[in-house]
Amino acid sequence: GVTSPDQLQMTDSLGQAVPAQFTVLARWGGALEDASKPIKWILADFQANVAADSSAVYHLKNGTSPAHPTPIVVSESAGEYEINTGRARFIVSKTSFHLFDQIYVDRDGNSTLNESVLNGTGRITAAYNGISYYADTFLPEETALEINGPLHTVLRVRGWLKDASGANTLLAYTARLHFYAGKQTVRLEFTVWNDNLIVNDGSGQPDIKEFGSPNTVLFDDLSISLQM
C-alpha cells in the first residue's frame, strides 16, 4: 500500500501532473504518525483549472507531484507573521488582530512585492446596545499556523471581542485565514462563540432553554472593515 504522500500525484484530463499538497488524515492498522502503515484517508489540495459552465476531471495516481512555481513562504517574528504567496505579501500581527496590518503587491511590474494596498489596519467589530467590541483590543489567546504547506497555508487566530477599555467581553472568536500559492485571494472563516459558563438553574439541569437564559449573549452587528 501507499505509505507516504510523496508517492502520490494529481493529474489533469491530459494526464499531466499538477502541483498538489497532500495531508494524511488516517492510516490502516496504526496511528496517524506511524509512517510504516498504509494511508487510509488523505486530503489533496490542488488548484483546478475549470472553464465557465463546464467540468474538469482530475485523477489521484502513484507518482511524484511537481513543485508550484511560487510556493508559499511563511516568515515569523516575535510580533507578526508574513505570508508570501508569490503574488502578495500579507502581514498579520500576533499581538493585536487587525485581520491584516498590511498587504503588499507588485503594482509597478518590477517583480517586487513592495506596494502597499491598505491605508490603515483592518478591524473586526461587533456591537450590542450601542457599545462596540473589537478583535484588536486585547492580545489574542493564540496566533498559530494550522496548516503550513507550499500550496495552501492556514493561519488560526483565537481571542475575544472586547470593548475599547478591554475590561468587558462580548464573545470569543476563532479566525482562519486561508492563503493560496500564486494568488492574491485570501479566504476568511470567522466564527464567534459564547464561552460563558452554563448556569445551573438549581434543579441539577443546565438552564439553557431559550435565548435570554443566564449567560446568553446578544449582538446587533458584526462587521469587517479594511481601509484600501
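Numbers here simply count residues along the sequence, with the first being 1.
- Using a distance-only test at 3.5 Å, with no hydrogens or angles considered, a donor-acceptor pair links the side chain of Ser225 to the main chain of Arg123.
- With Glu141 contributing its side chain and Arg158 its backbone, the two residues share no donor-acceptor pair below 3.5 Å.
- Enclosure of atom NZ in Lys94 by more than 12 non-hydrogen atoms of other residues, nucleotides or ligands within 6.0 angstrom is indicated.
- Listed for the Asp220 side chain is a donor-acceptor partner under 3.5 Å among the backbone atoms of Asn129.
- Every side chain to side chain contact (heavy atoms under 4.5 Å, CB included) that Asn84 has, sequence neighbours left out, goes to Val73, Arg89, Leu113.
- Other residues, nucleotides and ligands contribute only 12 or fewer heavy atoms inside 6.0 Å of the CG atom of Asn49.
- Within the structure, the salt bridge (charged side-chain N to carboxylate O under 4.0 Å, His left out) test picks out no pair touching residues 59-71 (sequence neighbours left out).
- Residues Val74 and Asn148 have side chains in contact (heavy-atom distance under 4.5 Å, counting atoms from C-beta outward).
- Counting only residues at least two apart or in different chains, ring-ring contact (aromatic ring centres under 6.0 Å, His included) contacts with residues 2-27 are absent.
- Both the sub-6.0 Å distance and the 45° axial angle are not jointly satisfied by Lys162 relative to the ring of Tyr133.
- By the side-chain hydrogen bond (donor to acceptor under 3.5 Å, both in side chains) test, Asp12 is found to be paired with no residue, residues two or more places apart in sequence or in another chain being considered.
- Scanning for ring pair (Phe, Tyr, Trp, His ring centres under 6.0 Å) contacts around Phe90 gives Phe100, Phe179, with sequence neighbours left out.
- Remark: the backbone N or O of Ser96 is not paired with any side-chain donor or acceptor of Asp136 at under 3.5 angstrom.
- Using a 4.5 Å heavy-atom threshold, the side chains of Thr64 and Asp6 count as separate.
- For the ring pair (Phe, Tyr, Trp, His ring centres under 6.0 Å) test, residues two or more places apart in sequence or in another chain that qualify with Phe97 are Tyr173.
- By the side-chain hydrogen bond (donor to acceptor under 3.5 Å, both in side chains) test, Tyr81 is found to be paired with Glu76, residues two or more places apart in sequence or in another chain being considered.
- For Thr70, the side chain to side chain contact (heavy atoms under 4.5 Å, CB included) test picks out His68, with sequence neighbours left out.
- Residues forming a side-chain hydrogen bond (donor to acceptor under 3.5 Å, both in side chains) with Thr3 (at least two apart in sequence, or on another chain): Gln7.
- The main-chain N or O of Val92 is never found under 3.5 Å from a side-chain atom of Glu80 such that the two would form a donor-acceptor pair.
- Looking only at side-chain heavy atoms (C-beta outward), Ile39 and Pro5 come within less than 4.5 Å of each other.
- Gln47 places a side-chain N or O within 3.5 Å of a backbone atom of Ala181 that can act as its donor or acceptor partner.
- Listed by chain and number, the residues in a side chain to side chain contact (heavy atoms under 4.5 Å, CB included) with Lys37 are Arg27, Asp34 (sequence neighbours excluded).
- Side-chain contact check for Val217 versus Leu171: some heavy-atom pair is nearer than 4.5 Å.
- With sequence neighbours excluded, the residues forming a ring pair (Phe, Tyr, Trp, His ring centres under 6.0 Å) with Tyr180 are His152, listed by chain and number.
- Remark: side-chain polar atoms of Thr11 are not paired, donor with acceptor, to backbone N or O of Gln16 under 3.5 angstrom.
- Here the side chain of Asp106 pairs a donor or acceptor atom with the backbone of Ser111 at under 3.5 angstrom.
- Remark: Arg176 fails to qualify as a cation-pi partner of Phe190 under the 6.0 Å distance and 45° angle criteria applied to the six-membered ring.
- Side-chain atoms of Glu146 never come within 3.5 Å of backbone atoms of Leu155 as a donor-acceptor pair (strictly under, hydrogens ignored).
- Panel note: side chain Ser65, backbone Leu8; a donor-acceptor pair is recorded below 3.5 Å.
- At a threshold of 4.5 Å between side-chain heavy atoms, the hydrophobic network of Ile, Leu, Val, Met, Phe, Trp and Tyr places Leu60 and Val18 in one connected group.
- Applying the side-chain hydrogen bond (donor to acceptor under 3.5 Å, both in side chains) criterion to Glu142, with sequence neighbours excluded, gives Arg156.
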